[in-house]
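Each remark here refers to the structure printed beneath this line.
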Amino acid sequence: MAARPPRDQGSFDFGAPDRPDPVGPEVAPGAEADPSSSTAEEPEAAWAAPIVPLGRVVRVRPDEPGLDKLFDYAVPAALDDQVRVGSVVRIALAGRRVGGWVVADDVEPPHGVELQPLAKVTGWGPPPELLELADWAAWRWAGRPASVLRTATAGHAVRTLPRAPRPSVPPPAPVAPDEVHDLAAEALAAGVATVRLPPAADPYPVLVAAAALGPVLVVGPVASTVRRLGLRLRRAGQSVALMPDDWATARAGASSVFGTRAAAWAPVPRPAAIVVLDEHDESLQQEQAPTWHARDVLVERARRLGVPCVMVSPTPSLEALELGPLLTPSRAAERAGWPLVEAVDRRGAPPGEGLFSERLVLALRSDARVVCILNRKGRSRLTSCANCNEVATCERCQAAVVQAEEGALACLRCGTVRPVVCTHCGATRMKNLRAGVSRVREELEALAREPVAELTADSDLGAGGPGTRIVVGTEAALHQLDAADVVAFLDLDQELLAPRYRAAEEALGLLVRAARLVGGRTGGGRLLLQTRQPRHEVVQAAVMADPARVATAEADRRRELAYPPATAMAVVSGPSAPAWLEAFGTPSGVEVLGPADGRWLLRAPDHDTLCAAMATVARPPGRVRVEVDPLRL
DNA sequence: CGGACAAGCTGA
DNA sequence: CAGCTTGTCCGG
């Protein structure tokens, strides 16, 4: 099949409301926002120079996230040809030198202010459209543009750009007749759309379909995966920049750009299409405030460029489903891309045997590589006195203490460590109410009659020896391993019942990770889910290879409970949060809940309402954390 | 943000 | 009233 011709850009109807651009960043008094073309770079005619008393003046955003203001500087003649919108410069500000970005060119400086010259041009910075996108993101996630611009800027000075590759390279040939390629083509034509591909499916055909339009921007949560896909496209003859190393190549344009979360801010000037891989993955959201999400940044970026944005996920988030149509492969194809999932009903299990069903023991005693997942570290997450049955708690803060190692009880909240003595009756014997990974490892060894390795976020593979057939670990094991025959969730209920509003989506996300370790059912991949809720929609979704079961149930629940994405939320915390809320007041349309544990919860019908209200608040002195779209409440 | 400077507190 | 802390303002 011949490659699709590149389509006209700017021809999509995105249906998204044309949000009035938020009131731009505060502009210093007397200085109107950029009136003239920002990229005009024609040198002034020689005869004109003496007539204009003041030379070129640019507006600069200092790289000081605490300082949300723009300042104007004169461009020294010697630097004239190095300065453009986006350039990284150094400026004198209040007697010291700081970095900054040129955000507007040929500006009218305020009256009565003696301009300083730019101290230095450090090098290339983000293209102009990212400066505007940064302003938008600062509004959308109630943060500072400078903190976002840092993400969009190379980690080192970029003095010169490599020559952009010839744009005439033909797009890669699509891989045979391919269902995924066709889905992708349909999604690309839709503007913003989601393609649901099962865990074992190869997303490469999506990239090929997108690359037929021109250079693409591809962002996914896992560095190794994105990198591998980028290298494949490169091998197909395309020019590919891998972020963050190839920042300058990306900035030069005409290359496809691949990277993880931060690559949402890759400086590629005009991607022809944008692809977000594993859109549901939480690591696409920045943890520090502003807590921007790569998916939402990229959808907005595509909307502004008028190019398509395709999201790909085995289990699309409710957020993605609201953004555009969902395209799914045939039932047969989707089923083939999920492993065989076996729900092991533990309702009838005797208490002592809780974590080790017959099905699990069978798997352990086969020759399969088995990964057991239990999201509890240490020996025990809940300990009680063997004598009086009182639950062991911290004497200082009352939180449950854990048996970290022989002979000590440690509080995870305040860090207090005390000997194994019951504060209630003084007995020195404790029993585990819920075994942790270390304890379970010992029991698995006894069951399997061979060594079992332990794998958690702090213990890496070395601990149990690389050749071990059986591994037990927390969910970190799913990140660190790359293949297995069986993944067994020893206590899936812990995920299903987690007190977080996104628990169901998160649990299904874990099952997707596990599914990728074992591969599709045709290759013999198997998941074992030990649960007391075999009818739970997450379990059913995995068994039936039908993630819509979770999405549908969850969407209703969120609407009923007024949780995102049915609403827009933010959590405000930190020492100066009270002052922030004082200034925030009670704007109409925004519900203010709290404080609970020093945190306030803001809820509005949509982001426009929420963000517009938050944008009016001047930051009080001191530390405030505003987390928009919190993953946990 | 971080420096400058002004207004308040302490000690003899 | 010097010497120091705390607070508020401002930067081009």
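Below, chains carry the letters A, B, ... as their sequence lines are ordered, and counting in each starts from 1.
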Separation of Lys69(A) atom NZ from dC9(C) atom P, in whole Å?
12 Å
Quick one: label Ala74(A) by what it contacts on the DNA or RNA (base, sugar-phosphate, nothing), any heavy atom closer than 4.0 Å.
nothing
Calculate the interatomic distance between Gln116(A) atom CD and dG11(C) atom C1'; express it in whole Å.
10 Å
Thr291(A): what forms a side-chain hydrogen bond (donor to acceptor under 3.5 Å, both in side chains) with it, not counting sequence neighbours?
none
Extract from the structure each pairing of a protein N or O with an N or O of nucleotides 1-3 of chain B at less than 3.5 Å, listing the distance.
residue	atom	partner	partner atom	Å
dC1(B)	O4'	Glu64(A)	OE1	3.3
dC1(B)	O2	Arg96(A)	NH2	3.1

The side-chain hydrogen bond (donor to acceptor under 3.5 Å, both in side chains) partners of Arg603(A) (sequence neighbours excluded) come to Glu591(A)
Mind checking what makes side-chain contact (heavy atoms from CB on, under 4.5 Å) contact with Thr249(A), not counting sequence neighbours?
Pro162(A), Ala241(A), Asp246(A), Ser255(A)
Rounded to whole Å, CG of Leu93(A) lies from P of dG11(C) at a distance of 9 Å
Among all residues two or more places apart in sequence or in another chain, which pass the side-chain hydrogen bond (donor to acceptor under 3.5 Å, both in side chains) test with Asp296(A)?
none
Atom CG of Asp68(A) to atom C1' of dG11(C): distance rounded to whole Å?
14 Å
Return each pair, listed once, that meets salt bridge (Lys or Arg N to Asp or Glu O under 4.0 Å) where at least one residue sits in residues 621-633 of chain A; pairs must be two or more places apart or across chains.
Arg140(A)-Asp629(A), Glu282(A)-Arg632(A), Glu506(A)-Arg632(A), Arg625(A)-Glu627(A)
Verify the ring-centre separation between Trp136(A) and Trp292(A): is it less than 6.0 angstrom?
no
Quickly work out the Leu70(A) CG to dC10(C) C1' distance and round it to whole Å.
15 Å
Find the distance Tyr73(A):OH to dG12(C):C1' and express it as a whole number of Å.
5 Å
